[in-house]
Peer 1: 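This structure is in structure tokens; I'll ask about it shortly.
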Number of protein chains: 2
Amino acid sequence: MSNNLQLEKQLCFRLYSLNKLMCRLYAPLLKELALTYPQYLVMMVLWQYRQGISVKDLGGQLDLDSGTLSPLLKRMEKQALIKRERQTKDERIVLIKLTQAGIDLQQSAEHIPAKMFAVTGLSAEKLQALNLTLDQLIENIAN
Amino acid sequence: MSNNLQLEKQLCFRLYSLNKLMCRLYAPLLKELALTYPQYLVMMVLWQYRQGISVKDLGGQLDLDSGTLSPLLKRMEKQALIKRERQTKDERIVLIKLTQAGIDLQQSAEHIPAKMFAVTGLSAEKLQALNLTLDQLIENIAN
DNA sequence: CACTATTTGATTGCGTACAACTCAATTGGG
DNA sequence: CCCAATTGAGTTGTACGCAATCAAATAGTG
């Protein structure tokens, strides 16, 4: 026995499965906002950085590179949720800012966190404990 | 205050980030085997189901549909890791079986779980506790 | 037995992820 | 001041993940 190559034993498979399950639960809620989950993550960052944020710093927040963000932001610009402004001081930098439609969308998203919390079926204490464990794990892994 | 739309508060963002981090840690190990992480998952199932498994049952194990598995399996067939055999009793069913090369690859993968466990920096007890918590969460969510 | 509903797998199209690369703008060392 | 190195964003190519759709085969029903 002692076969370590089993799905049931693997932490990573649980994380992989849970991430997919979560995205599927978000999908119907986000569909009302015409957002995908990664686009929703971008919006959450932008709702905090009202003055705008560079593509690089946005990638720093979400741990995504320009290869992912550039086409994603292009789609969001086409939806008129964001606008791009190239800096004059340093023309390499593109500042991402919300449009009024993007700002307004926050109202429609306010209810989502509570709904997602509900489906987890966890108590607030268990959720916080899990968050702390995962933060520690991220810390350990990310060096 | 009390803005719930913050990345730092979101369990799902942790799962999303951790899943990506884990895949990046697997990548160099799996590159030696010329496998991606989802392909590695398929191999783990096949190493258990030595007599072969249908595409549907494989999808049941991994929670993936044929839209993902069909092209993925086609690539693995091209690498000569697996072969497809359409059943004679029920011609709708395609049985996925390992080739000898696929069977042999298990030896080269034996060291991976221990290496991945090492990078988590978790004790065996903490790992098991986390696995149990995640299993409960999956149970709650999957209905 | 004929007809319909279901099952199984494949295909298409879209949206991520990410490695590898290009390119322009900026910076820093001599 | 000049040139090499760095930085920031974008492009290309490959591989998922999944919704929607389709075709073939089987099972079920009257």
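In what follows, chains are A, B, ... by sequence order, proteins preceding strands, each numbered from 1.
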Peer 1: When the distance from CG of A:Leu30 to P of C:dT16 is rounded to whole Å, what number comes out?
Peer 2: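 One finds 11 Å between P of C:dT16 and CG of A:Leu30, rounded.
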Peer 1: Judged by atom type as modelled, is there a donor-acceptor pair below 3.5 Å linking the side chain of B:Gln10 to the main-chain atoms of B:Asn4?
Peer 2: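 Pair found, side chain donor or acceptor close to backbone of B:Asn4.
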Peer 1: Starting from P on D:dA15, measure out to CD on B:Gln79 and report it in whole angstrom.
Peer 2: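 It is 8 Å, rounded to the nearest whole Å.
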Peer 1: Under a 3.5 Å distance rule, please check whether B:Trp47 uses its side chain to pair with a backbone N or O of B:Gly102 as donor and acceptor.
Peer 2: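 Checking the backbone N and O of B:Gly102 against the side chain of B:Trp47, a donor-acceptor pair under 3.5 Å is found.
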Peer 1: Could you work out which one of C:dG15, D:dT26, D:dG17 sits closest to the side chain of B:Thr68?
Peer 2: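 The nucleotide sitting nearest to the side chain is D:dG17.
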Peer 1: Tell me whether the side-chain N/O atoms of A:Lys74 come closer than 4.0 Å to OP1 or OP2 in D:dT11.
Peer 2: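 For D:dT11, OP1/OP2 do have a side-chain N/O of A:Lys74 under 4.0 Å.
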Peer 1: Within less than 4.0 Å of OP1 or OP2 of D:dC16, is there a side-chain N or O belonging to B:Gln39?
Peer 2: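 Answer yes for this pair, as a side-chain N or O of B:Gln39 is under 4.0 Å from OP1 or OP2.
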Peer 1: For the pair made of CD in B:Glu91 and P in D:dA25, what is the distance, rounded to whole Å?
Peer 2: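 The distance from CD of B:Glu91 to P of D:dA25 comes to 6 Å, rounded to the nearest Å.
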Peer 1: Given C:dA19, D:dA9, D:dC18, which nucleotide is nearest the side-chain atoms of A:Asp65?
Peer 2: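 Nearest to the side chain of A:Asp65 among the choices is C:dA19.
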Peer 1: Indicate the atoms forming the closest heavy-atom contact of B:Val94 with B:Arg84, along with that distance.
Peer 2: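 In this case the closest contact between B:Val94 and B:Arg84 is CG1-CB, 3.7 Å.
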Peer 1: In whole Å, what is the span from the CG atom of A:Leu64 to the P atom of D:dA9?
Peer 2: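 From A:Leu64 CG to D:dA9 P: 14 Å.
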Peer 1: Which nucleotide wins on minimum distance to the side chain of B:Arg75, given the candidates D:dA15, D:dA9, D:dA25?
Peer 2: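 Among D:dA15, D:dA9, D:dA25, the one nearest the side chain of B:Arg75 is D:dA15.
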Peer 1: If each of A:Pro71 and B:Lys31 is mapped to the nucleotide of DNA chain C with the nearest heavy atom, which maps nearer the 5' terminus, i.e. the 5' end?
Peer 2: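 With A:Pro71 and B:Lys31 compared, the 5'-side residue is A:Pro71.
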Peer 1: Strictly below 4.0 Å, N to O, side chains only: are A:Asp65 and A:Lys56 in salt-bridge contact?
Peer 2: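 A:Lys56 and A:Asp65: not salt-bridged.
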Peer 1: B:Arg24 has an atom CZ; how far is it from atom C1' of D:dC16, in whole Å?
Peer 2: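 In whole Å, D:dC16 C1' and B:Arg24 CZ are 15 Å from each other.
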Peer 1: I want to confirm an ordering. Mapping A:Arg86 and B:Pro38 to their closest nucleotides on DNA chain D, which one lands closer to the 5' end?
Peer 2: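 Whichever sits nearer the 5' end wins; that is A:Arg86.
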Peer 1: Above 12 or not: heavy atoms from other molecules or residues under 6.0 Å from CD of B:Gln128?
Peer 2: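 Atom CD in B:Gln128 is not packed in, count stays at 12 or less.
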Peer 1: Ignoring hydrogens and geometry, is there a side-chain-to-backbone donor-acceptor pair from B:Thr36 to B:Gln39 under 3.5 Å?
Peer 2: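 Indeed, once roles are kept as given, a pair shorter than 3.5 Å links the two residues.
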Peer 1: Given atom NZ of B:Lys20 and atom P of C:dC18, what is their separation to the nearest angstrom?
Peer 2: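 Distance check: B:Lys20 NZ to C:dC18 P gives 5 Å.
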Peer 1: Which whole-number value in Å describes the distance from B:Leu73 CG to C:dT11 C1'?
Peer 2: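 Distance, rounded to whole Å: 14 Å.
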Peer 1: Need one value for A:Leu69: base, sugar-phosphate or nothing, where a base atom within 4.0 Å counts as base even if backbone is also close, heavy atoms only.
Peer 2: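 Nothing: the residue A:Leu69, judged by heavy atoms under 4.0 Å, touches no strand.
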Peer 1: Of the options C:dA17, D:dA15, C:dT11, whose atoms approach the side-chain atoms of B:Ser70 most closely?
Peer 2: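 Out of C:dA17, D:dA15, C:dT11, the nucleotide with an atom closest to B:Ser70's side chain is C:dT11.
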Peer 1: Does A:Tyr16 put a side-chain nitrogen or oxygen below 4.0 Å from OP1 or OP2 of D:dC16?
Peer 2: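 Answer no for this pair, as no side-chain N or O of A:Tyr16 is under 4.0 Å from OP1 or OP2.
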Peer 1: Output yes when at least one side-chain N/O atom of A:Tyr37 is less than 4.0 Å from OP1 or OP2 of D:dG17, else no.
Peer 2: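 False: A:Tyr37 side-chain N/O out of range (4.0 Å or more) of D:dG17 OP1/OP2.
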Peer 1: Would you mind telling me which of D:dA9, C:dA25, D:dA24 lies closest to the side-chain atoms of B:Arg92?
Peer 2: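 For B:Arg92, the side-chain atoms sit closest to D:dA24.
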Peer 1: Using a heavy-atom cut-off of under 4.0 Å over every strand shown, decide if A:Thr36 touches base, sugar-phosphate, or nothing.
Peer 2: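 Since only primed, P, OP1 and OP2 atoms lie under 4.0 Å of A:Thr36, the category is sugar-phosphate.
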Peer 1: What is the distance, rounded to the nearest whole Å, between atom CG of A:Asp90 and atom P of C:dA25?
Peer 2: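 Between P of C:dA25 and CG of A:Asp90: 10 Å.
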Peer 1: State whether B:Arg84 places a side-chain N or O below 4.0 Å from either non-bridging phosphate oxygen (OP1 or OP2) of C:dA10.
Peer 2: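 Yes, such a contact exists.
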Peer 1: Quick one: the side chain of A:Ser66 and the base of D:dG10, do they pair up donor-acceptor inside 3.5 Å?
Peer 2: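 Yes.
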Peer 1: Can you tell me which nucleotide in D:dA15, C:dG9, D:dA9 comes closest to the side chain of B:Val94?
Peer 2: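 Shortest atom-to-atom distance from the side chain points to C:dG9.
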Peer 1: Quick check for you: among C:dA17, D:dG8, C:dT8, whose closest atom lies nearest to any side-chain atom of A:Ile93?
Peer 2: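 Of C:dA17, D:dG8, C:dT8, D:dG8 is nearest to the side chain of A:Ile93.
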